[in-house]
Structures are given as C-alpha cells and as structure tokens.
Amino acid sequence: MIAAEKVRAMHRERYKSDCALFVAPGRVNIIGEHTDYAEGFVMPAAIEFATTAAISPRADNTIAIYSENFVEERGFDSNALPKRGSGHWSDYPMGVAVIFAGQGHKIPGFSLTIVSDVPLGSGLSSSAAIEVATALALQWLLGFELPRPKLARLCQRAENEFVGANCGIMDQFISANAKEGCALLLDCRDLSFRMAHIPDNVELVIANTMVRHSVAGGEYKTRRAEVEEACAVITKHRPEVKFLRDATLEDLAKWGSEMSPNALKRGRHVVSECLRTVAAADALEAGDLKKVGRLMAEAHTSYSKDFEGSCEEADIMVELAQGLPGLIGARLTGGGFGGCTINLVEKAHAPEFMAKLKELYKAKTGIVPEIHCSRAAGGARAVDQG
Ligand code: GLA
C-alpha cells in the first residue's frame, strides 16, 4: 500500500487543499473463475496492493482527476458529464461519478488524486480498486454512505455501462467487503457471503506471468457469450434454469449435443467450478488445506482445458509450482489469458518457494516474473485522518 502521507502531500501540492483519503485493495481469486456472471460462486481475497484516492471539494465546476501512475491530469465540467468512456484511464473514476449522478446525486466540482500500486493489466483488479476508492471518496464528498454490497454493484455498473467492460460483480465486491485474514465465499445471485479464515501460516504468493490481461479484451467477451449460449440451450428444456448456476452436469450431458462444442466445454467449466468453489470454502473452514489444494488444481485444469482461459505461460507457472516446497495449491487467477497465478504456500517455505519459482520460470520461458507475497487484506476504508 502507498503511504497515505505521500498521497496527501501530492494532493496538497497540486490542488493547494487538504483532502480526505480512501483506500481500496486489489484481489486474488482463490477459486471460482468466470462463474460470477453466471450467478454462481466465487472465493476471492483482497491483497495488500491497493489504490489510494485523495479528494477535496472545489469552488468551481471542474472535476480534476490526477493519476500518479499515468502522470496525467484530466479535467471535466461537472455540469456536462460525459455519457460514455473514451478508452482512457479516467473512465474508471469518471464512470463512478456518472453512475452516482444517474442515482440522482448532483455531482459538484472536486479534485481527485489517484495513486495505485496494484500492478496494471495483471488480473489483480486494478480497475475495481480505482472504482471502489473513488466511490468512497465521492460518498464522503456527497455526504452519504451506502451499504457495501450496493456500493460494489454501482462500481460494477460503472465498468459495464460507462467503461464498456462486461465484467461480473466479483472484483468490486471483494474490494469493498474484504476482511483481513479471510477469503470471502460470495453467492453472486443474491450477494450473500461468508468469510473463511485463511490459517495464519499460509501466505498468498502471487506470481505474475508478465503476460498482459484485459477484461475489456475480446476473449473475455467471447467466453461470456459461449457461457450464455450453453445456458440458453438448457433453458429451452428446463425454463427454470436462468443462469448456468442453476444447471447440473447431467443437464450438460443430456443436451450438450445441441450446443457448439465450445459452449459445451465452457458450460462444463462453469457448472463444475461452482461445485468446486463451495467445496473449497467448506474445506478451508474445516482446515482441510490438502483438499483446498486439490480443488485448486482441478480448477486450473478445467480453466485451461475446458474454458481455454489460460495461456502457455500461466500453465507453465502452475506446473512449475507443483514440485516446490510448501505448496498447498496453485492456479491462474482472474479473468484469464495472462496475468497472475495464485499460490497458497506454507509460510515457513514461502521465501524459498518464491525464489525457486522465479528461477525456474525464467529458465523455462526467458521471462523474469514478478513474484509477491501477501496476506489477505481488509476491504476498502477511509484512511485514518489523524
Ligand atoms: C474478471 C472480471 C470478474 C470475473 C473474472 C473471472 O476479473 O472482472 O467479474 O468475471 O474476470 O472470474
């Protein structure tokens, strides 16, 4: 996390004003991939990488947003908010402002400084962290406070409707609702959730393949369409099945021949992944780490073979982790086609695990990976003003 004092000083220097500070974390998903938009289950945890947003009111109607990461400022007129994003980094904070305006709030002028250490394009939800940090900042400015699940939903809408990325609810939800030391099992249908404690002797080792990932990209969209195609076939026979969350492996066996081969495979991934995710939460709560690891391995195979959401480098990273000391479970995390693997590793072995994985991956691919270690972090919050 970036030091709050640094962001405060940066904001003061640029905008000559005191500010309120808010922070929202990125995430890893331990298990439950591409199940959120099928109204299924996911089990993410927040990580220690986060976005900090500093905000102060202004006397004029200007919305000034400065990103330290892009070293760029953008200005908008609060009386003429844009309707759609423009493919620019400022779409994420502006999307939240526009969605809040759509809820009936009059958005005044404000200055916003955004600083993030969530690696961009790495499948760690850098976008959601910006949205949620901005949402907290705007709530403060406007003087209201929404329940966190509702706040997460509005941030998701900012991304769907303004940015134009058709993501599910997982990333915004975990950023807004995470609890330190815990994974969160979320039912994406009704947003009910429960926390599963991650034992203190387990570290989250995040291994970046350095292959860039994007939710706005074409692959995410095609996979989502295939998942919906699989569901539509089952709905024809069983109208009560509205999302793949409601379908069973038997349904797929029975009516799979009416789907394109790809839709059948994607469907098999989603339906089996929901089962694995709930089982993994139960196992984590019961302290059965062996089982959690086994389910993560199965989830990766399904993600890679049936969903075809992995890439060669991510498969290599997961494969190389298998023989290393302290590994509990490894899989590709997030939207896919690159990004990071999540490895649950016994704390005592974590330094050795990280060093060896780095060395082996470099030897095999010629790419130097970034490997980080994190505890499960808390959710978005106001930074202590004291
Ligand atoms: C991205 C999206 C999420 C989810 C994952 C895949 O992170 O933002 O909503 O669909 O991909 O599990």
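The model shown is predicted, which means the values in this text are computed figures rather than measured ones. Atoms within a ligand are numbered from 1 in the order they appear, just like the ligands themselves.
- Checked against a 3.5 angstrom limit, the closest N/O atoms of Tyr220 and ligand 1 fall inside it.
- Against a heavy-atom cut-off of under 4.0 Å, Met170 is close to the following atoms of ligand 1: 4 (C), 5 (C), 12 (O).
- A distance below 6.0 Å separates the ring centres of His34 and Tyr303.
- Of the inter-residue distances, the one linking Ser86 atom OG with Phe162 atom CZ reads 7.0 Å to the nearest 0.5 angstrom.
- Of all the atoms in ligand 1, the ones that sit under 4.0 Å from a non-hydrogen atom of Asp36 are 3 (C), 4 (C), 9 (O), 10 (O).
- Geometrically, ligand 1 and Asn29 share no nitrogen or oxygen pair separated by less than 3.5 Å.
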>> If you apply the rule ring-ring contact (aromatic ring centres under 6.0 Å, His included), what do you find for His105 with Phe144, and how did you get there?
In response: CA-CA 10 Å; His105 299 288; Phe144 67 89; 4.2 Å; yes

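- Ligand-side atoms of ligand 1 in range of Arg27: 7 (O), range being under 4.0 angstrom from any heavy atom.
- For Ser111 and His11, the side-chain atoms include no donor-acceptor pair closer than 3.5 Å.
- Under the rule for a side-chain hydrogen bond (donor to acceptor under 3.5 Å, both in side chains), the partners of His300 that lie at least two apart in sequence or sit in another chain are Asp315.
- If you number the atoms of ligand 1 from 1 as listed, the ones under 4.0 Å from a heavy atom of Glu33 come out as 6 (C), 12 (O).
- Taking the six-membered ring where tryptophan is involved, the planes of Phe307 and His269 are tilted, since the angle between them lies from 30° to 60°.
- Nearest heavy-atom pair across Cys167 and Arg224 is O-NH1, 3.8 Å.
- Residue Tyr303 has no nitrogen or oxygen atom sitting less than 3.5 Å from a nitrogen or oxygen atom of ligand 1, judged on distance alone.
- Sorted by first then second residue, the salt bridge (Lys or Arg N to Asp or Glu O under 4.0 Å) pairs that include residues 269-289, not counting sequence neighbours, are Arg194-Asp282, Arg194-Glu285, Glu273-Arg276.
- In terms of N/O distances under 3.5 Å, ligand 1 is not approached by Thr35.
- Near Cys167, meaning under 4.0 Å from any of its heavy atoms, are these atoms of ligand 1: 2 (C), 8 (O), 9 (O).
- Checked by distance only, ligand 1 and Gly334 stay at 3.5 Å or farther apart across all their nitrogen or oxygen atoms.
- Distances from atom 7 (O) of ligand 1 to the heavy atoms of Asp171, Val270, Ile169 show the closest one on Asp171.
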